[in-house]
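Notes follow the structure.
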Protein chains: 2
Amino acid sequence: MRLVVARCSVDYIGRLTAHLPLATRLLLVKADGSVLVHSDGGSYKPLNWMSPPCALVETDTTWTVTNKAGEQLVITIEAVEHDSAHDLGVDPGLVKDGVEAHLQRLLAEQIQTLGDGYRLVRREYPTPIGPVDILCRDPEGLAVAIEIKRRGEIDGVEQLTRYLDLLNRDPLLAPVRGVFAAQEIKPQARTLAQDRGIACLVLDYDALRGLDNKEDRLF
Amino acid sequence: MRLVVARCSVDYIGRLTAHLPLATRLLLVKADGSVLVHSDGGSYKPLNWMSPPCALVETDTTWTVTNKAGEQLVITIEAVEHDSAHDLGVDPGLVKDGVEAHLQRLLAEQIQTLGDGYRLVRREYPTPIGPVDILCRDPEGLAVAIEIKRRGEIDGVEQLTRYLDLLNRDPLLAPVRGVFAAQEIKPQARTLAQDRGIACLVLDYDALRGLDNKEDRLF
DNA sequence: GAGTACATTTCGACG
DNA sequence: CGTCGAAGTGTACTC
């Protein structure tokens, strides 16, 4: 990895055209040839970049980074403040514990969160347009389809609506009720759901996890 | 901006939990206190990070970065290879020329792409839930609403459907047909559009731009 | 500040 | 390898 701090201007010509006026920035060149241009603020997203695989050609004042698709990142350098190279080796990679998959598993295990007498049919219940997160039956034996999101927004309600349309065509299932479950449900999504007769359920991740732990403690 | 190359392990506890085993990485501390952890490969996305606003507390061997929501990034440092600080100043920012806005402008200018006799009413035609990209009239004088995307996916069809519902309530416009236009239309989106009587139009960006150029060449 | 749409999205999973 | 959906998405824009 090479770190360069330089006064430079940058042009990108590819899927769009973008220009960065002259200023001091960090140029980060990774081992695979990819280049990131960072300023001293903003988010983790660089101002400009070129993803690998790509090739860097360097002259006195100009770096030209090109990829196979012909996209170009041209960095014009006026002054170099810092330039150092470092051998990092290969990174062992990240261990993640995701949220939505975890929520789905927890809710399936604790389907009584919806009320006493609910029974799980299965997770990832297939439909022609993709699996619905959970299918279960209420105390009266009627089918209930659950869509789970971390954040409940309008798209999720649309998605559940499509699943319900399809599931309700199956005479073995119909009528199928919908439940929109999320850690947080945006007001607009809630309104749309209510308008369509879909129930909303706010999930308490910690509580679900806590119940899980409590069960563990029985051993 | 501070650049540190160090052998370290990293833990993030917040919206999810993640762990990075011991390895040599770049730690980038920006002026606003945000921290990025980069390896020597991958894309522009850091392995781990903390977005501003956040606070960094540093001891001998441990950096703890915390934000207002209580999310924590803990970096345990075993050895420091490089440590330097640089004053970059404020970045003047990026000048962009996007694609979707350009597509909209080109199609509005060349509304005959839909067929002879089409007339533009206006771009960004207002509705209560937001402006529809283009409203025009067909050779018979009937209203046509166009939704433009770079990539046509299912969400765009839903969006256009909502616009059409609303526009068709206006007796001065109804009946309004829908056209879903994109550089590329996904099969699922096309199926949904057809099911709803919405026409699909694949846009050729280069051709639209080319026609534009041809006009320029007349001068 | 919330809501929405776009992104040079990136990333992972699945067929 | 494409398709599809999620992201600790970020970001700009509107209301």
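Chain identifiers are assigned alphabetically (A, B, ...) following the order of the sequence lines, protein sequences preceding nucleic acid strands; residue numbering begins at 1 within each chain.
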* Asked: B:Arg162 CZ to C:dG3 P: how many Å, rounded?
  -> 15 Å

* Quick one: A:Lys149 NZ to D:dG8 P, roughly how many Å, whole number? -> 14 Å

* Structure fact -> Residues passing the ring-ring contact (aromatic ring centres under 6.0 Å, His included) test with B:Trp49, sequence neighbours excluded, are A:Tyr44

* **Considering all heavy atoms, the nearest B:Asp40-A:Gly89 contact** => CB-O, 4.4 Å

* Using the test side-chain hydrogen bond (donor to acceptor under 3.5 Å, both in side chains), find all partners of A:Asp170 that sit at least two apart in sequence or belong to another chain. => none

* Structure fact -> By ring-ring contact (aromatic ring centres under 6.0 Å, His included), A:His82 pairs with (sequence neighbours left out) B:His82, B:His86

* To do: Check whether any side-chain N or O of A:Trp49 sits under 4.0 Å from OP1 or OP2 of C:dT9, and answer yes or no.
  => no

* Using the P atoms only, state how far C:dC11 lies from D:dT11, rounded to an integer number of Å. => 16 Å

With the criterion being N/O to N/O and under 3.5 Å, what pairs connect the protein with nucleotides 13-15 of chain C, and how long is each?
none

* Asked: If you look at every strand shown and take non-hydrogen atoms under 4.0 Å, does A:Ser51 touch a base, only sugar-phosphate, or nothing?
  -> sugar-phosphate

* More 5' along DNA chain C: A:Leu73 or A:Asp155, using each one's nearest nucleotide? -> A:Asp155

Nucleotides 11-15 of chain D: which of its N/O atoms have a protein N/O under 3.5 Å away?
residue	atom	partner	partner atom	Å
D:dT11	OP1	A:Ser43	N	3.4
D:dT11	OP1	A:Ser43	OG	2.5
D:dT11	OP2	A:Ser43	OG	3.4

* When we call it a touch if two heavy atoms are under 4.0 Å apart, what does A:Met50 touch: a base, just sugar-phosphate, or nothing? -> nothing

* To do: Calculate the interatomic distance between A:Asp32 atom CG and C:dT10 atom P; express it in whole Å.
  => 13 Å

* In whole Å, what separates the P atom of C:dC6 from that of D:dG8? -> 22 Å

* Structure fact -> A:Arg7 meets the side-chain contact (heavy atoms from CB on, under 4.5 Å) criterion, sequence neighbours left out, with A:Leu22, A:Thr24, A:Glu78, A:Ala79

* **A:Arg196 bridged to A:Glu158 by N-O distance under 4.0 Å** => yes

* Evaluate the criterion side chain to side chain donor-acceptor pair (under 3.5 Å) for residue pair B:Tyr12 and B:Glu71; output intermediate values, then yes/no. => CA-CA 8 Å; B:Tyr12 166 74; B:Glu71 298 169 42; 2.6 Å; yes

